[in-house]
There are 2 protein chains.
Amino acid sequence: MTNENPTPELQTLLSDLVSVTHRLTRIAAQATGEQTSPATWRTLSVLSSFGPMRLGELAKQSRVSQPTMTKIVANLNEVEWIRRIADVDDARAWQIALAPKGIRALSDWRDKLGAALAPLFDDLDREEIEVISRAVDLLHECTDVRAADVVKAA
Amino acid sequence: MTNENPTPELQTLLSDLVSVTHRLTRIAAQATGEQTSPATWRTLSVLSSFGPMRLGELAKQSRVSQPTMTKIVANLNEVEWIRRIADVDDARAWQIALAPKGIRALSDWRDKLGAALAPLFDDLDREEIEVISRAVDLLHECTDVRAADVVKAA
DNA sequence: TATTATACATAGCTCTGCTATGCATCTGTT
DNA sequence: AACAGATGCATAGCAGAGCTATGTATAATA
């Protein structure tokens with residue numbers, strides 16, 4: 001590939017972003033003594049954002065394989081953080097929905113995470129926090145667009 | 001905590017950040033078919049940023065346990081991405097240094113990663129990229145300096 | 001010199017996520 | 001209607017990452 005790329009800095013930026021966020025998630029994991037897997041939280045977050053959906057759909061959204069999602073859902077079902085609802089149109093499929101306990105768990109996790117990381121960001125002023133906030137929004141958009149490909153009108 | 005928590009939004013922001021970056025790293029991992037562990041790249045990045053250091057120090061910086069770092073370093077040594085240099089002052093310790101192959105590998109990884117993710121960010125304009133760039137800088141500061149203190153305290 | 005602390009190595013476990021495959025159900029063609 | 005292939009989820013089994021507990025050699029200290 002010849003270097004016609006107008007923004008080689010973008011590549012550097014993105015790899016830096018990945019590096020720094022890896023570090024951040026490690027800090028979060030160690031600080032909270034987290035025992036639930038990231039994929040599980042992604043799954044709950046997806047359900048929280050988009051509502052009930054099929055297991056396979058959930059796998060794509062959470063970026064894990066279908067068998068992995070089968071396991072995750074089984075675990076979540078055991079602790080009653082989600083409910084399995086039979087799909088009336090397709091006997092092979094389930095609709096996976098957040099259960100009240102799952103909503104609380106997700107909320108608790110966010111609190112814990114925020115509390116654990118907040119001290120690191122104490123020194124930031126309003127404007128700097130605003131920058132991070134805008135960046136998160138942008139990242140959300142850029143990573144969700146892909147999801148739109150996958151998500152069919154339900 | 002004497003922190004009166006003036007910004008509950010900060011906690012939400014941080015958990016959103018963690019969520020979205022988890023997603024991003026999953027996308028990156030799937031897009032590049034990555035087979036080297038994140039911790040390994042963190043390790044190389046640390047060495048690249050701070051220069052040679054002892055194995056234990058490297059473990060703290062990379063946010064893994066010492067035995068895990070022993071494994072990582074052993075693997076990196078086999079493929080000659082790092083060199084082990086005997087510590088002249090302490091026969092128990094090693095100085096771990098990036099080898100030329102490691103420098104190239106790190107550079108290649110950054111290229112691949114950037115290339116894989118760049119398409120997602122095609123629609124962003126200069127100003128938006130600048131926002132993300134500043135956010136990455138801020139995250140770097142917050143996770144580099146403070147994190148070291150937190151670890152040592154623990 | 002004896003004791004305790006430190007730095008790294010080893011052993012062994014658990015958990016997560018993967019591929020390959022199986023089973024049931026749906027869809028389309030004849 | 002019946003069969004063939006596609007699809008949705010479950011199961012089996014594997015590989016890798018990272019952990020705790022512990023071992024071994026060296027340093028530091030009393």
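Residue numbers begin at 1 in each chain, while the letters A, B, ... track the order of the sequences.
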* To do: State which residues pass side chain to side chain donor-acceptor pair (under 3.5 Å) with A:E78; sequence neighbours excluded, sorted by chain then number.
  => none

* What residues form a side chain to side chain donor-acceptor pair (under 3.5 Å) with A:T25, not counting sequence neighbours? -> none

[X] [atom1] to [N] [atom2]: how many Å, rounded?
{"X": "B:W94", "N": "C:dA9", "atom1": "CH2", "atom2": "C1'", "result": "11 Å"}
{"X": "A:I82", "N": "D:dC9", "atom1": "CD1", "atom2": "P", "result": "12 Å"}
{"X": "A:L58", "N": "D:dG8", "atom1": "CG", "atom2": "P", "result": "14 Å"}
{"X": "B:E57", "N": "C:dA7", "atom1": "CD", "atom2": "C1'", "result": "12 Å"}
{"X": "B:W41", "N": "D:dG18", "atom1": "CH2", "atom2": "P", "result": "14 Å"}
{"X": "A:K60", "N": "D:dT7", "atom1": "NZ", "atom2": "C1'", "result": "10 Å"}
{"X": "A:M53", "N": "D:dC9", "atom1": "CE", "atom2": "P", "result": "12 Å"}
{"X": "B:L55", "N": "D:dA25", "atom1": "CG", "atom2": "P", "result": "18 Å"}

* Residues in ring-ring contact (aromatic ring centres under 6.0 Å, His included) contact with B:W94, at least two apart in sequence or another chain -> none

* Asked: Donor-acceptor pair, A:R42 side chain versus A:S37 backbone, under 3.5 Å?
  -> no

* **side-chain contact (heavy atoms from CB on, under 4.5 Å) assessment of A:T43 paired with A:I82** => CA-CA 10 Å; A:T43 299; A:I82 54 107; over 6 Å; no

* To do: Taking the side chain as every heavy atom from C-beta outward, state whether B:D90 and B:R54 have any pair of such atoms under 4.5 Å apart.
  => yes

* Asked: Hey, are the side chains of A:V64 and B:R26 touching, using non-hydrogen atoms and a 4.5 Å cut-off?
  -> yes

* Structure fact -> residues 99-108 of chain A vs side chain to side chain donor-acceptor pair (under 3.5 Å), sequence neighbours excluded, gives A:E80-A:K101

Show each protein N/O and nucleotides 23-25 of chain C N/O combination with a separation under 3.5 Å, one pair to a line.
unit_1 : atom_1 : unit_2 : atom_2 : d
C:dT25 : O2     : A:R92  : NH1    : 3.2

* Structure fact -> Closest non-hydrogen contact found for A:L55 with A:R84 is CD1-NH2, 4.1 Å

* Per-nucleotide protein contact string for nucleotides 11-20 of chain C (B base, S sugar-phosphate only, - none; heavy atom under 4.0 Å) -> -B---SBBBB

